[in-house]
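Remarks on the structure that follows.
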Amino acid sequence: MKSLYTLNITPNEQETDAEVVSRISESLEDIGQDQEWPPKLVYLVNLSVEEFGLNALTHGRKHGLDEFEITISSDSELITIELSDNGAAFDPMNDAPEPDFETPLESRPIGGLGIYLIKKMVDAMEYRRDYDRNYLRLTVRRT
């Protein structure tokens with residue numbers, strides 16, 4: 001049986017990006033518990049949404065982002081996470097810089113590995129831009 005959850009996030013001006021992501025994370029924990037996801041799966045879903053959600057909020061708020069939606073569908077085999085926002089166009093498949101693995105770790109700037117790691121951890125990732133909105137779909141096998 002397929003379950004569908006939708007989180008409509010409207011960040012207010014007083015909330016920091018981290019506070020918004022924390023609020024989302026609490027909802028994802030509840031969904032994972034409701035669906036009896038194993039802890040590893042809850043972690044992966046949370047990490048993915050945190051990475052892309054924080055990215056969208058951090059960069060998108062500067063360009064008018066005021067809506068962020070997360071839809072999660074879950075069945076016995078797959079979890080599909082769809083994120084959409086009305087922020088600036090950003091295709092993580094092509095716009096995110098490749099991490100620099102040549103420079104020693106202590107000399108690298110902080111950040112830059114999140115999208116790379118998520119790409120490696122999910123089973124499928126698709127991006128599209130329609131009518132001034134970003135749409136990102138991540139698919140993860142439950143097993």
Side-chain angles (χ1 to χ4, degrees), residues 1-11 15-143:
M1 180 162 78
K2 194 170 212 168
S3 298
L4 186 67
Y5 301 87
T6 300
L7 305 173
N8 292 303
I9 311 301
T10 306
E15 269 184 311
T16 65
D17 296 341
E19 289 170 332
V20 174
V21 169
S22 178
R23 186 163 42 108
I24 294 168
S25 181
E26 288 174 20
S27 296
L28 294 173
E29 293 280 340
D30 291 342
I31 292 168
Q33 187 173 23
D34 181 57
Q35 289 292 298
E36 298 179 357
W37 295 344
K40 182 178 175 181
L41 188 56
V42 172
Y43 175 78
L44 176 56
V45 170
N46 243 328
L47 181 64
S48 299
V49 172
E50 179 180 320
E51 177 61 34
F52 291 110
L54 198 54
N55 235 345
L57 290 164
T58 301
H59 302 291
R61 276 182 154 179
K62 297 173 190 172
H63 297 27
L65 180 141
D66 60 3
E67 299 175 345
F68 187 74
E69 183 176 281
I70 303 164
T71 303
I72 298 175
S73 63
S74 175
D75 62 28
S76 61
E77 294 181 27
L78 294 175
I79 295 173
T80 302
I81 308 159
E82 296 180 345
L83 302 104
S84 78
D85 67 77
N86 66 340
F90 179 75
D91 176 357
M93 309 280 291
N94 297 304
D95 296 342
E98 287 296 317
D100 175 9
F101 292 115
E102 301 300 317
T103 302
L105 186 60
E106 61 276 359
S107 301
R108 289 188 224 157
I110 294 174
L113 289 177
I115 291 174
Y116 172 82
L117 290 173
I118 301 302
K119 284 181 186 179
K120 297 290 184 191
M121 296 169 76
V122 300
D123 293 295
M125 188 165 127
E126 303 165 33
Y127 171 84
R128 75 180 195 284
R129 177 85 176 174
D130 284 334
Y131 301 107
D132 298 331
R133 288 190 73 83
N134 294 300
Y135 293 91
L136 180 66
R137 176 183 290 176
L138 307 171
T139 306
V140 180
R141 294 201 180 289
R142 284 187 74 146
T143 57

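Just the heavy atoms: all of them, side chains too, but no hydrogens, waters or symmetry mates, feed the values below.
- Across all non-hydrogen atoms, the minimal contact from V21 to G53 is CG2-C, 4.4 Å.
- Going from atom CD1 of I70 over to atom OG of S48 covers 11.0 Å, rounded to the nearest 0.5 Å.
- Using a 4.5 Å heavy-atom cutoff, the side chains of L7 and L28 are in contact.
- Using modelled atom types, no side-chain atom of R137 and backbone atom of T80 make a donor-acceptor pair closer than 3.5 Å.
- The shortest side-chain heavy-atom distance between I24 and F68 falls under the 4.5 Å cut-off.
- The CZ atom of R128 sits 10.5 Å away from the CZ atom of R133 when rounded to the nearest 0.5 Å.
- No hydrogens or angles considered: a donor-acceptor pair under 3.5 Å links the side chains of S25 and N46.
- The two residues P92 and F52 have their closest heavy-atom pair at CB-CE2, 3.6 Å.
- Within the 4.5 Å cutoff, no side-chain heavy atoms of E82 are placed close to those of Y135.
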D85 and I9: side-chain contact (heavy atoms from CB on, under 4.5 Å), yes or no, with the steps?
CA-CA 9 Å; D85 67 77; I9 311 301; over 6 Å; no
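- Annotation: R141, atom CZ; neighbour count of heavy atoms from other residues, nucleotides and ligands within 6.0 Å does not exceed 12.
- Annotation: side chain of N86 is not in contact with side chain of D132 (no heavy-atom distance under 4.5 Å).
- Just one of L47, N55, L54 meets the side-chain contact (heavy atoms from CB on, under 4.5 Å) condition when paired with E51; it is N55.
- Heavy atoms only, all atoms of each residue included: R142 and E36 are closest at NH2-O, 4.0 Å.
- A distance of 11.5 Å separates CD1 of I79 from CG of L138, quoted to the nearest 0.5 Å.
- In terms of heavy-atom proximity, Y127 sits nearest to F90 at CE1-O, 3.0 Å.
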Starting from the C-alpha separation in whole Å, work towards a yes-or-no answer on side-chain contact (heavy atoms from CB on, under 4.5 Å) for S27 and Y5.
CA-CA 10 Å; S27 296; Y5 301 87; over 6 Å; no
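- Heavy-atom minimum distance, V42 versus G32: CG2-CA, 4.0 Å.
- If you take CD1 on I72 and OG on S3, they are separated by 11.0 Å, rounding to the nearest 0.5 Å.
- Defined by atom type and a distance below 3.5 Å, a donor-acceptor pair is present between the side-chain atoms of R129 and N134.
- The two residues D75 and E77 make their nearest non-hydrogen contact at OD1-N, 2.8 Å.
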